[in-house]
Amino acid sequence: MDIKRIKGMNDILPDEAIKWRRIEDICRKVFMGFGYNEIRPPVIEKTELFARSIGESTDIVEKEMYTLTTSKGGHITLRPEATASILRAYIENSLYVQNPVQKFFTIGPMFRHERPQKGRYRQFHQVDVELLGTDSPYADIEIISLLDYLLIQLGIKDITIQINSLGCKECRPVFQKSLLNFLQGVNKELCQDCRRRINTNPLRILDCKVPSCKKILINAPVILDDLCKSCNDHFNRVKDGIGALGIAYKVIPGLVRGLDYYTGIAFEAITDNLGAQNAVGGGGRYNGLIRELGGPDLSGIGFALGIERLLLLTENNRGEDGDVLLPLYLIALGEKARELFFNLSQRLARASIPNGFSFLTKSLKAQMKLADRNNARFALIAGEDELSDGLVILRDMQTKFQKQIPIENLFENIKNEIMEAEVI
RNA sequence: GUGGGUGUAGCUCAGUUGGUAGAGCACCUGGUUGUGGCCCAGGUGGUCGAGGGUUCAAGUCCCUUCACUCACCCCA
């Protein structure tokens with residue numbers, strides 16, 4: 001085998017796909033309950049969309065995007081996240097005209113060219129939720145409540161919801177200035193990464209895990225002290241609101257997001273069970289972004305969950321579901337019987353009766369094994385003898401009881417047998 | 001981009017100071033002429049990641065390279 005899958009891209013094999021579908025089904029159900037509608041933007045967009053929304057100087061845009069050049073020299077990019085595309089669709093289709101408040105969700109693949117490791121892949125999948133068109137604190141409360149409830153429904157334990165406020169256009173610059181002042185003062189004591197980050201992403205330093213940095217940063221200015229009145233009021237109302245719903249959360253003044261568009265409330269769902277990664281999901285408010293992308297001056301808030309990470313967590317927490325019972329397996333010996341049974345197999349399938357048919361000509365014993373391995377409830381057996389008698393044999397794989405079924409009206413006879421046994 | 005770990009059968013992995021490539025599971029056949037799971041017996045299956053070097057002899061030692069994986073970084 002000389003052609004292998006691309007680094008960081010995974011096959012989701014049938015056994016795995018069952019678990020994916022379970023997660024997706026639960027998400028859809030919860031979203032519908034909260035009044036969110038599915039939207040499916042394309043997975044590829046003009047590069048500029050991401051550059052403008054995520055921010056030119058973020059790691060994602062600077063070095064992680066899969067960007068292609070079109071035949072006309074334009075640049076298009078496989079989406080590294082979903083928010084930008086959803087906002088683009090909202091603006092482009094004027095979805096805000098009838099009612100500016102729109103609630104969306106989408107589920108699908110995202111692409112970032114990073115070095116893969118546990119819980120981090122180049123093609124990964126996100127569940128993404130956006131509540132657009134309002135800056136009401138109720139929106140923030142609903143979004144965080146939705147995140148919390150979704151994780152509960154998915155059966156994921158040991159999650160902490162962390163929240164913070166990043167401030168708005170008014171108060172964030174004030175804070176950034178005092179933070180920079182502070183950082184330049186302690187520059188020489190910081191780790192190498194942090195010294196680099198002073199220029200690239202100073203907020204990120206607050207998140208540094210190096211113990212010496214942590215120690216120094218205890219005295220760093222805190223964004224929450226610099227919030228303007230409206231940001232502060234908003235933050236308080238959100239905290240009260242989620243508290244009133246009984247949602248456990250922790251305020252983390254150092255919590256920062258990696259995308260530039262976030263303003264105000266930011267939050268993450270954190271766990272220790274993901275190897276080096278700690279976030280299952282995260283999100284926040286982005287009040288200037290719709291306008292920045294050429295739309296009306298409307299606000300938005302949303303979050304994303306990583307499906308691969310959810311899967312890692314559900315594997316820790318619960319066992320697998322049992323095998324699915326296959327109602328019927330068809331075992332044919334000889335060409336005549338195969339012809340009869342293939343036809344039967346197709347008719348049953350078209351009547352939504354799941355059944356198995358061996359495409360390989362194998363011995364009876366081997367085919368019985370296949371029936372068993374497919375977890376079949378019944379095996380239907382036909383060979384030369386049966387055909388000449390105008391009969392086939394129906395074997396109950398559990399009780400080993402066998403009975404003869406006339407070939408005349410075979411389809412109806414089998415259908416009745418299966419209905420009677422209530423295996424579907 | 002930078003580190004560490006690992007590459008041997010379809011899968012999980014043994015393989016001693018260099019001396020004819022192994023086990024378990026899976027698969028196939030038989031025990032049971034045409035009846036599954038359990039058991040027993042037998043069998044198929046390997047360019048030992050790739051290339052080069054040392055040696056009478058290399059899975060094993062040396063060099064190069066590739067892949068996977070974990071971590072840094074970043075993020076979901």
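Model, not experiment: these values are computed from the prediction. Below, chains carry the letters A, B, ... as their sequence lines are ordered, and counting in each starts from 1. All values below come from the heavy atoms of this structure, side chains included, with hydrogens, waters and symmetry mates left out.
Looking at heavy-atom distances under 4.0 Å, A/Glu384 makes contact with a base. Counting non-hydrogen atoms under 4.0 angstrom, A/Glu62 reaches nothing in the nucleic acid. Base engagement by A/Gln402 is indicated by at least one non-hydrogen atom pair under 4.0 Å involving a base atom. The residue A/Gly283 sits apart from the nucleic acid: no heavy atom pair falls under 4.0 Å. Residue-level contact check: A/Ala371 touches neither bases nor backbone, having no heavy atom under 4.0 Å from any strand. Contacts of A/Ile331 with the nucleic acid, taken as non-hydrogen atoms under 4.0 Å apart, are absent. Residue-level contact check: A/Glu308 touches neither bases nor backbone, having no heavy atom under 4.0 Å from any strand. Note on A/Asn374: nothing from the nucleic acid sits closer than 4.0 angstrom, heavy atoms only. Using a 4.0 Å heavy-atom cutoff across all strands shown, A/Asp128 reaches no nucleic acid atom at all.
B/C27 and B/G15 are spaced 24 Å apart, taking the C1' atom of each and rounding to whole Å. The same atom, C1', is picked in B/G7 and in B/G51; the two are 16 Å apart, to the nearest Å. Look at the P atom in both B/U69 and B/C74: the space between them is 22 Å, to the nearest Å. For the C1' atoms, the distance linking B/U44 with B/C25 amounts to 16 Å, nearest Å. Between B/G22 and B/A9, the two C1' atoms lie 10 Å apart (nearest whole Å). With both ends at atom C1', the span from B/G59 to B/G46 equals 11 Å, rounded to whole Å. As rounded to the nearest Å, B/G43 and B/C61 have P atoms that lie 32 Å from one another. Straight-line distance between the C1' atoms of B/A26 and B/U12: roughly 11 Å, to the nearest whole Å.
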Next on the checklist: Determine whether A/Arg309 and A/Gln277 satisfy the following criterion, side chain to side chain donor-acceptor pair (under 3.5 Å), listing intermediate values before the conclusion.
Outcome noted: CA-CA 9 Å; A/Arg309 292 183 183 182; A/Gln277 320 300 329; 3.3 Å; yes
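Comparing B/G36, B/A76, B/C73 by their nearest atom to the side chain of A/Ala279 picks out B/A76. Looking at the side chain of A/Arg5, the nearest of the listed nucleotides B/G34, B/G36, B/U69 is B/U69. The A/Lys4 side chain lies nearest to B/A67 when the options are B/G36, B/G34, B/A67. For A/Asp59, whose side chain is taken as the heavy atoms from C-beta onward, the closest listed nucleotide among B/C70, B/G36, B/C73 is B/C73. Comparing atom distances between the A/Arg120 side chain and each of B/C74, B/G1, B/C75 picks out B/C74 as nearest. With B/G3, B/G36, B/A76 as the candidates, the nucleotide lying closest to the side chain of A/Arg115 is B/G3. Here B/C68 is the nucleotide among B/A76, B/G34, B/C68 with the atom lying nearest to any side-chain atom of A/Lys7. With distances taken from any side-chain atom of A/Ser363 to the nucleotides B/U29, B/U35, B/C74, the minimum falls on B/U29. The nucleotide whose nearest atom lies closest to any side-chain atom of A/Ala304 is, among B/A71, B/A76, B/G36, B/A76. For A/Gln117, whose side chain is taken as the heavy atoms from C-beta onward, the closest listed nucleotide among B/G30, B/C74, B/C72 is B/C72.
Pairing for B/G51 goes to B/C63, judged as Watson-Crick or G-U wobble with the two contacts each under 3.5 Å. The partner of B/U16, taking Watson-Crick or G-U wobble pairs whose two distances both stay under 3.5 Å, does not exist in any strand shown. Of the nucleotides present, none pairs with B/U32 by Watson-Crick or G-U wobble criteria with both distances under 3.5 Å. As the counterpart of B/G5, B/C68 is assigned, both hydrogen-bonding distances of the Watson-Crick or G-U wobble pattern falling under 3.5 Å.
Residues A/Gly8 and A/Ile60 each lie close to RNA chain B; by heavy-atom proximity, the contact nearer the 5' end of the strand is made by A/Gly8. Along RNA chain B, the nucleotide nearest A/Glu268 and the nucleotide nearest A/Lys369 are compared for position; the residue whose nucleotide lies closer to the 5' end is A/Lys369.
A donor-acceptor pair is defined here as one N or O able to donate and one able to accept, closer than 3.5 Å; such a pair exists between the side chain of A/Gln102 and the backbone of A/Leu95. Between the A/Asn187 side chain and the A/Arg195 main chain, no donor and acceptor come within less than 3.5 Å of each other. Remark: the backbone N or O of A/Leu310 is paired with a side-chain donor or acceptor of A/Thr314 at under 3.5 angstrom. Side-chain atoms of A/Arg79 never come within 3.5 Å of backbone atoms of A/Val43 as a donor-acceptor pair (strictly under, hydrogens ignored).
Aromatic rings from A/Phe105 and A/Phe31 are positioned such that their centres are separated by under 6.0 Å.
Between the CD1 atom of A/Ile54 and the P atom of B/A76 there is a distance of 9 Å, rounded to whole Å. One atom, CE of A/Met397, and another, C1' of B/G37, lie 8 Å apart when rounded to the nearest Å. If you measure from atom NZ of A/Lys118 to atom C1' of B/C75, you get 17 Å, rounded to the nearest angstrom. Between A/Ile161 atom CD1 and B/A76 atom P there is a gap of 16 Å when expressed in whole angstrom units. Taking atom CG on A/Leu370 and atom P on B/C27, their separation rounds to 9 Å, with Å as the unit. Across the protein-nucleic acid pair, A/Lys63 atom NZ and B/U2 atom P stand 13 Å apart, rounded to whole Å. Rounded to an integer number of Å, the gap from A/Glu64 CD to B/A76 C1' is 12 Å. Taking atom CD1 of A/Ile393 as the reference point, atom C1' of B/U35 lies 9 Å away to the nearest angstrom.
Within a 6.0 Å radius of CG in A/Asp272, other residues, nucleotides and ligands contribute 12 heavy atoms or fewer. In the displayed structure, A/Glu384 atom CD is contacted under 6.0 Å by at most 12 heavy atoms of other residues, nucleotides or ligands.
Proximity of A/Lys362 to the phosphate of B/C28: a side-chain N or O atom is located under 4.0 Å from OP1 or OP2. Under 4.0 angstrom from either OP1 or OP2 of B/C27 there lies at least one side-chain N or O belonging to A/Arg373.
In this structure the side chain of A/Arg122 never reaches within 4.5 angstrom of the side chain of A/Ile6, judged on heavy atoms.
Side-chain atoms of A/Glu386 and base atoms of B/G34 include a donor and an acceptor less than 3.5 Å apart.
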